Number of protein chains: 2
Amino acid sequence: MSERIEKLDSKSPIPLYYQLKSYIEEQIETGVWEAGTQIPSELELSEQFNISRTTIRQAIGDLVNERKLERIQGRGTFVSEISIEKQIERVSGFSQDMRMRGLVPTSDILNFEVVKASPAVAKALKINEGDDAILLKRLRKGNDKRIALEVVYMDYKKYKDFLSVNLANESLYEMLAKKFAVWPKYSQQVIESIKCPAEEAELLGIQKGDPVFYFHTTAFDQYDEPLEYTEGYYRGDRYILHLTNVINPSSQSK
Amino acid sequence: MSERIEKLDSKSPIPLYYQLKSYIEEQIETGVWEAGTQIPSELELSEQFNISRTTIRQAIGDLVNERKLERIQGRGTFVSEISIEKQIERVSGFSQDMRMRGLVPTSDILNFEVVKASPAVAKALKINEGDDAILLKRLRKGNDKRIALEVVYMDYKKYKDFLSVNLANESLYEMLAKKFAVWPKYSQQVIESIKCPAEEAELLGIQKGDPVFYFHTTAFDQYDEPLEYTEGYYRGDRYILHLTNVINPSSQSK
DNA sequence: GATGTCGTGTTGTTACTACAATTATAGTCT
DNA sequence: AGACTATAATTGTAGTAACAACACGACATC
């Protein structure tokens, strides 16, 4: 088992460096290469797989960027102690967020209609004030407990077909990817800690004035166009924000 | 002025690719290459600076990683529309945070002593419960307005000399870099939205029960060792959290 | 004991080459 | 006009080569 090496397939349409990258990721994820340990040197890998050092470095460089590996000149390449990656992936909407916390996400749709864009919505979606916008108001639950109240706005011109879909239990992002071939590339959030207004408090089942997170989030698609704008009230007693901040995003080469 | 090209210095100890990277960053930051526009092709840059395409690609690859450029096969390389980078740098402690918001950070030191580590502190700093820990309690202000109450804990064994320094107006991180040659590499935060307790409310000049952000932050140094653990209460009416979440951290090569 | 030197192993930098894959455009054919 | 084709331009992948920079241990020297 040990000297039997899965040779990489140079005839495959998948690039060699990518195959090697997958191999290394597998070694890390299965624990064959434990956190903190040194991986084989570039020369060793080059001989082992019979591919050039250029290709080895490309695979390792990618993984260094993703913070799964760390290179130290003169010493070697090591498996990162802490996988920051997992924490960063937090940001993929409510459904994924809940699943990551081990909760089952569900939603009650309170409102689903076309409205005129308010100034805030228009600005976020880069449309004109008064233009048509899709409004989707949902009470969001984790394991059937009320967690948040979210109102999503989208550009009606772009996503009018969207009104016909059923998304009671489906992730908005998963649906958008399937039906419209768009997906979020990044999102910008503004988060406040406020007293919950009366109307929202009632829907969330808390007292007026109880502390809540108030999110304004604009998600951008792969073309850097606004995808959706969301305002959300998250119960302070049931929702905690976890963040990992990377101070100095190091480059591929250093 | 236009055909006069700053030649890169191959005799400099600074790598060529890094010099080129700096040059490109300068072009972007000064607006010579505007957002969305195509930069010269790799071949053009190679001829212009008389360096190999390998080196060009390394510089561009770094900048693609930092999301300042985007490469599209068959089309070219373009300046990113939105500089996410600026938002990511948010995370460097209160002083830098305030400065980034255009406010002048100051602090009142309320307490600065050695205490026995509580379970939470011990766990965060990876020391034993009851071990000595440095406690630094500060009322933090922006433009002389009270913003937050922060309590920093550090390992006394590692940073005992720290007790003698004066940091009324200096950033903790800047001081640590100068005196101890350590700096934060990343931090993990847990953020809650809670009702402010009575004691903290009084110090912050708000009413008991007003909403505040409650932060627990552990910062790790360049060796992945815990550097400091901070608990902070941030006034909800004066502090807003801005986040940019990158959904799919793409690799250097794609 | 402290310091310096040297050899080995490792990653870092740079150059050269060749071909593949993709995109856009110009041109041709129907 | 529309569909297809060829070509050019551009980035992507892969190889080879050489030397630099750095870390570290072994050993010698002071």
Side-chain angles (χ1 to χ4, degrees), chain A residues 7-24 33 36-65 67-80 222-223 250-254, chain B residues 7-24 33 36-65 67-80 222-223 250-254:
Chain A
K7 290 277 190 289
L8 306 185
D9 181 7
S10 59
K11 292 178 295 294
S12 161
I14 299 167
L16 279 174
Y17 85 90
Y18 198 87
Q19 293 181 50
L20 176 62
K21 188 181 158 187
S22 300
Y23 169 79
I24 295 173
W33 296 350
T37 60
Q38 184 170 12
I39 75 169
S41 75
E42 295 173 355
L43 187 63
E44 281 173 335
L45 288 171
S46 174
E47 286 165 356
Q48 185 176 121
F49 291 103
N50 196 34
I51 56 182
S52 76
R53 194 175 155 222
T54 313
T55 306
I56 305 283
R57 279 185 66 78
Q58 189 166 8
I60 292 177
D62 269 20
L63 292 167
V64 169
N65 277 325
R67 311 204 173 254
K68 291 176 181 168
L69 296 177
E70 296 182 22
R71 285 202 272 223
I72 305 176
Q73 183 173 161
R75 290 225 287 142
T77 304
F78 303 82
V79 179
S80 291
Q222 69 266 42
Y223 311 112
S250 71
S251 70
Q252 169 262 139
S253 22
K254 273 285 170 185
Chain B
K7 288 277 190 291
L8 307 185
D9 181 7
S10 58
K11 292 179 295 294
S12 161
I14 299 167
L16 280 173
Y17 86 91
Y18 198 88
Q19 293 180 51
L20 175 62
K21 187 180 157 187
S22 299
Y23 169 80
I24 295 173
W33 295 350
T37 60
Q38 183 169 12
I39 75 169
S41 74
E42 295 173 356
L43 188 62
E44 282 172 335
L45 287 171
S46 175
E47 285 165 357
Q48 185 177 119
F49 292 103
N50 197 33
I51 54 184
S52 77
R53 194 177 154 220
T54 314
T55 307
I56 305 282
R57 278 185 67 78
Q58 189 166 7
I60 292 177
D62 269 21
L63 292 167
V64 169
N65 276 325
R67 313 202 171 252
K68 292 175 180 169
L69 295 177
E70 295 182 23
R71 287 201 270 222
I72 304 176
Q73 183 173 161
R75 291 225 287 145
T77 304
F78 302 82
V79 179
S80 291
Q222 68 265 42
Y223 311 112
S250 71
S251 71
Q252 171 264 139
S253 21
K254 274 284 171 184

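Every value quoted in this text rests on a predicted model; they were computed, and no experiment measured them. A note on names: the letters A, B, ... follow the listed sequences, proteins ahead of strands, and every chain is numbered from 1. Hydrogens, waters and symmetry mates are skipped; everything else that's a heavy atom, side chains included, is used.
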Euclidean distance, atom CZ of residue B:F49 to atom P of C:dT14 [Å, nearest integer]: 14 Å

Spacing of B:Q38 atom CD relative to D:dA9 atom P, expressed in whole Å: 13 Å

Under-4.0 Å side-chain N/O to phosphate OP1/OP2 contact, B:T55 with C:dT13: no

Counterpart residues, side chain to side chain donor-acceptor pair (under 3.5 Å), relative to B:S22 (two or more places apart): none

B:L20 CG - C:dA15 P separation (whole Å): 11 Å

Qualifying residues under side-chain contact (heavy atoms from CB on, under 4.5 Å), relative to A:S46, sequence neighbours excluded: A:I56

For B:R53, salt bridge (charged side-chain N to carboxylate O under 4.0 Å, His left out) partners two or more places apart: B:E42

Whole-Å distance separating the NZ atom of A:K21 from the P atom of D:dG12: 14 Å

A:E44: side-chain contact (heavy atoms from CB on, under 4.5 Å) partners, not counting sequence neighbours: A:P40, A:S41

Residue closer to the 5' end of DNA chain D, B:P13 versus A:L16 (nearest nucleotide): A:L16

Between C:dT10 (C1') and A:L69 (CG): distance, integer Å: 15 Å

Whole angstrom value for the distance that separates P of D:dT11 from CD of A:Q58: 16 Å

Heavy atoms of other groups near B:F78 CZ, more than 12 under 6.0 Å: yes

Partners meeting side-chain contact (heavy atoms from CB on, under 4.5 Å) with B:T54 (sequence neighbours left out): B:S52

C:dG12 OP1/OP2 closer than 4.0 Å to side-chain N/O of A:R57: yes

For the student: nearest non-hydrogen atoms of B:I24 and B:W33, plus distance: CG2-CZ3, 3.7 Å

Partners passing side chain to side chain donor-acceptor pair (under 3.5 Å) against A:T77 (at least two apart in sequence or in another chain): none

Options D:dG15, D:dT11, D:dA14, nucleotide nearest the side-chain atoms of A:Y17: D:dA14

side-chain N/O A:T77 vs C:dT10 OP1/OP2, d < 4.0 Å: no

Whole angstrom value for the distance that separates P of D:dT16 from CG of A:L43: 12 Å

Nearest-Å distance for atom pair CD1/C1', residues A:I56 and C:dG12: 16 Å

B/S/- contact track for nucleotides 17-24 of chain C, protein heavy atom under 4.0 Å: -B--BBBS

Closest nucleotide among C:dT11, C:dC16, D:dG12 to the B:S52 side chain: C:dC16

Closest approach of A:K21 to A:A59 (non-hydrogen atoms, all atoms of both residues): N-CB, 3.9 Å

5'-to-3' dot-bracket of DNA chain D (Watson-Crick, G-U; under 3.5 angstrom; crossing pairs as [ ]; | other strand): ||||||||||||||||||||||||||||||

